[in-house]
Amino acid sequence: MADAKIIDGKAFAEGLRNKVAQEVARLKDAHEHVPGLAVVLIGEDPASQVYVRNKGKQTIDAGMNSFEHKLSDEITNDELLTLIHGLNKDDKVNGILVQLPLPDHIDEARVLAAIDPAKDVDGFHVINVGKLATGDSSAMVPCTPLGCLMMLKDTLGDLTGKTALVLGRSNIVGKPMAQLLLGEHCTVTIAHSRTKDLPDVCRNADILIAAVGRPHMVKGDWIKPGAVVVDVGINRIDAPEKGEGKTRLVGDVDFDAASQVASAITPVPGGVGPMTIACLLRNTLVATCLQNDLDIPEI
Ligand code: NDP
């Protein structure tokens, strides 16, 4: 197989954002609800600042209210918990996101556990993890794997009976991705750093999700001919061809080789990345509907 179809995450995300914006407008007209998303950012990490700026802009573009809380990295655990308790009680706030990673002195587990599960639009609270694992449709689902699933269903239609390999077992990508695929009746394998004969394990998969954080680790000959490959990895590598000191982003999959074997593949950048914020907006809309006993739009 040559020249896999490129799954255009940028275009898909734009479509999803437009659908969210339409539903937000409908919610406003019919019920006078304007969904609100609060984002908490601690410290000066430049990458996190860019993410938070993009989230704020896209939230406003979708017609929602955006509340940004930029805090000094001197903040204490108690001060942060007080802020979160306040956001939990604030009726204007339907979704709360605490930008990770947090400074070392902050107790991440305690902070995530303090967020009201109904407002946990990142889907990291143990209540939402449990709901996803038990197939409860009111679960807030982590945004990156949700975006991957949407693109897979758009590409393949019904996923029933497909063999899926999730490479990576983190709480934010690998594990929820595996749960989502199981929910779609795939036969799911989760691989990680201790997996034996990884290339052989990968070669069995109709669907291969790479979420490892290692540039170009998945080679072309690890891929089953005709498989669909979703590359979650975001890795910055040196790019001397672009000039001295320049860098570029690449995924976990050797894209050029893989696209000769796969039937469809997500690029990096422009694949999974743009879907993550679009799914965050979708989750904020869904959270608003659930909190107000309204029907959840089919998006
Ligand atoms: P983590 O570092 O939390 O997890 C990486 C996983 O990969 C672990 O389960 C680890 O195994 C496994 N792994 C590492 N090395 C190997 C190896 N040599 N062979 C097999 N498995 C290996 O990463 P995340 O899940 O947070 O992120 C993964 C990638 O996705 C990163 O590049 C990240 O930047 C990107 N990402 C992209 C997002 C987006 O919006 N597109 C959002 C979130 C993440 P073990 O558990 O055994 O250590």
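Each ligand, and each atom within it, is numbered from 1 in the order the structure gives. Computed over heavy atoms, backbone and side chain alike; hydrogens, waters and symmetry mates excluded.
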Please could you name the atoms of ligand 1 that [X] approaches to less than 4.0 Å, counting only its heavy atoms?
X	answer
Gly273	41 (N)
Ala211	5 (C), 6 (C), 7 (O), 28 (C)
Gly168	6 (C), 7 (O), 9 (O)
Val272	41 (N)

Among all protein heavy atoms, pick the one closest to [atom] and tell me residue, atom and distance.
atom	result
atom 33 (C) of ligand 1	Ile234 N, 4.2 Å
atom 1 (P) of ligand 1	Ser170 CB, 4.1 Å
atom 11 (O) of ligand 1	Ser193 N, 3.3 Å
atom 40 (O) of ligand 1	Thr276 OG1, 2.8 Å
atom 14 (C) of ligand 1	Val212 CG1, 3.3 Å
atom 31 (C) of ligand 1	Gly213 CA, 3.6 Å
atom 37 (C) of ligand 1	Val232 O, 3.2 Å
atom 27 (O) of ligand 1	Val173 CG2, 4.4 Å

Does ligand 1 have an atom that lies less than 4.0 angstrom from a heavy atom of Met217?
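Judged by the 4.0 Å heavy-atom criterion, Met217 does count as contacting ligand 1.
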I'd like to know whether ligand 1 has Gly174 as a neighbour, heavy-atom separation below 4.0 Å.
no
Heavy-atom count around [X] [atom1] within 6.0 Å, excluding the residue itself: above 12?
X	atom1	result
Lys10	NZ	no
Lys92	NZ	no
Asp200	CG	yes
Lys28	NZ	no

Answer yes or no: is there a donor N or O on one side and an acceptor on the other, between the side chain of Lys224 and the main chain of Ala205, under 3.5 Å?
no
[X], portion touching ligand 1 at heavy-atom distance under 4.0 Å:
X	result
Thr144	side chain
Arg214	side chain
Ile172	side chain

Indicate whether any N or O donor in one side chain lies under 3.5 Å from an N or O acceptor in the other, for Ser138 and Asp136.
yes
Please examine the side chains of Cys289 and Asp295, heavy atoms only from C-beta on, and report whether any two atoms are closer than 4.5 Å.
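Asp295 vs Cys289: side chains apart.
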Report yes if the side chains of Glu68 and Val52 come closer than 4.5 Å at any heavy-atom pair, otherwise no.
yes
Nearest 0.5 Å, please: how far is CG in Leu152 from NZ in Lys162?
10.5 Å
Kindly compute the distance separating CD (Gln99) from CD (Gln49), expressed to the nearest 0.5 Å.
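The CD atom of Gln49 is 10.5 Å from CD of Gln99, to the nearest 0.5 Å.
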Assess whether a salt bridge exists between Glu241 and Arg248, defined as any Lys/Arg side-chain N lying under 4.0 Å from an Asp/Glu carboxylate O.
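Counted as a salt bridge, because a side-chain N and a carboxylate O are separated by less than 4.0 Å.
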Kindly identify the option in Arg169, Arg194, His192, Arg236 whose heavy atom sits closest to atom 46 (O) of ligand 1.
Arg169
